[in-house]
Amino acid sequence: MKKGLEIAFQPLDNEHSDEIVRALADLTGNAISERMPLRWQIFHVTLDDQKYYRVLYLRPDDKKLGRRLKIVIRENFDSFAHMDLKDLLGRYSEEEKKNGFVKGRMSELKEEYDLWEDKIWQYI
């Protein structure tokens, strides 16, 4: 992703995975948006029989995210990801009640393996 930052991961807790992903994405996005405009989208990806998530962070003006901003986003995301589940969901519940709290849109995405897009073909 040349203009944005994509974070792909799979939560260990399958029972609460949508809640966890939404909390991580929205808490991070809102924390950064306090300093700089940011938009984000959450993707629930199915690849064959595997499921995982991607969160895409972009600037609303479609300009490139700077290197420093990417680091700050990753650090924020990581700090929320290391929280205890109860604390994370509690914090999300508190924050989402605040005026101006933005929620990213969650979309389903189905992918298929395409070996022609595999980076190995660039080296052959």
Side-chain angles (χ1 to χ4, degrees):
M1 178 68 25
K2 291 184 179 182
K3 290 189 176 187
L5 173 66
E6 182 180 300
I7 299 174
F9 63 101
Q10 185 174 14
L12 297 175
D13 184 340
N14 287 330
E15 184 179 340
H16 300 100
S17 59
D18 281 355
E19 296 168 274
I20 293 168
V21 172
R22 184 166 296 286
L24 292 172
D26 292 347
L27 287 171
T28 301
N30 281 281
I32 302 299
S33 290
E34 291 175 358
R35 293 174 263 158
M36 170 180 277
L38 191 70
R39 64 185 172 96
W40 59 96
Q41 187 169 358
I42 305 163
F43 298 97
H44 184 220
V45 183
T46 303
L47 178 63
D48 282 341
D49 60 344
Q50 297 178 336
K51 293 185 183 276
Y52 66 98
Y53 294 87
R54 283 191 198 152
V55 182
L56 176 62
Y57 292 97
L58 297 163
R59 289 188 47 184
D61 54 11
D62 210 26
K63 290 183 182 174
K64 187 176 178 179
L65 287 179
R67 190 174 139 262
R68 178 69 189 140
L69 182 57
K70 288 180 181 181
I71 291 169
V72 171
I73 292 170
R74 284 186 190 112
E75 288 173 350
N76 273 271
F77 192 93
D78 196 41
S79 70
F80 290 124
H82 283 91
M83 290 177 73
D84 179 66
L85 178 61
K86 184 178 176 184
D87 294 338
L88 175 69
L89 297 180
R91 170 106 182 246
Y92 182 69
S93 180
E94 288 175 24
E95 292 290 324
E96 91 178 307
K97 292 176 187 171
K98 291 182 179 177
N99 195 15
F101 187 82
V102 179
K103 292 184 177 184
R105 186 175 52 137
M106 187 179 282
S107 304
E108 294 290 325
L109 186 63
K110 184 171 172 75
E111 291 186 344
E112 296 179 9
Y113 286 109
D114 185 355
L115 297 178
W116 292 107
E117 289 185 19
D118 195 316
K119 291 186 186 259
I120 195 164
W121 296 110
Q122 295 175 3
Y123 305 112
I124 296 178

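The basis for the numbers below is simple: all heavy atoms, side chains too, and nothing from hydrogens, waters or symmetry mates.
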Measuring from Glu6:CD to Lys70:NZ, what's the distance to the nearest 0.5 Å? 11.0 Å
To the nearest 0.5 Å, atom CH2 of Trp40 lies from atom CZ of Phe77 at 12.5 Å
Sequence-distant partners of [X], side-chain hydrogen bond (donor to acceptor under 3.5 Å, both in side chains), two or more places apart:
| X | result |
| --- | --- |
| Asp61 | Arg59 |
| Glu108 | His44 |
| Ser107 | Gln41 |
| Ser79 | none |

Among all residues two or more places apart in sequence or in another chain, which pass the side-chain contact (heavy atoms from CB on, under 4.5 Å) test with [X]?
| X | answer |
| --- | --- |
| Val45 | Phe43, Tyr52, Arg54, Leu109, Glu111 |
| Leu89 | Glu19, Ala23, Leu85 |
| Thr46 | Lys51 |
| Ala81 | Leu24 |

When hydrophobic residues are tied together by side-chain contacts of less than 4.5 Å, even through go-betweens, does Phe80 share a cluster with Ile71? no
Treat each ILVMFWY residue as a node, draw an edge where side-chain heavy atoms are under 4.5 Å apart, and state whether Leu5 and Met36 are in one component. yes
Sort out for me which residue in Leu38, Ile32, Leu69 forms a side chain to side chain contact (heavy atoms under 4.5 Å, CB included) with Tyr57. Leu38
Could you walk me through whether Ile7 and Thr28 satisfy the side chain to side chain contact (heavy atoms under 4.5 Å, CB included) test, starting with their C-alpha distance in whole Å, then the side-chain angles of each, then the deciding distance to 0.1 Å, before giving a yes or no? CA-CA 12 Å; Ile7 299 174; Thr28 301; over 6 Å; no
If you take all heavy atoms of [X] and [Y], which pair is closest and at what distance?
| X | Y | value |
| --- | --- | --- |
| Val21 | Pro11 | CG2-CG, 3.8 Å |
| Asn76 | Ala31 | OD1-CB, 3.9 Å |
| Ala25 | Val55 | CB-CG1, 3.8 Å |

Restricting to pairs with a member in residues 86-96, which pass side-chain hydrogen bond (donor to acceptor under 3.5 Å, both in side chains), not counting sequence neighbours? Asp26-Tyr92, Glu95-Lys98, Glu96-Lys103
Could you name each residue pair satisfying salt bridge (charged side-chain N to carboxylate O under 4.0 Å, His left out) that touches residues 72-84, not counting sequence neighbours? none
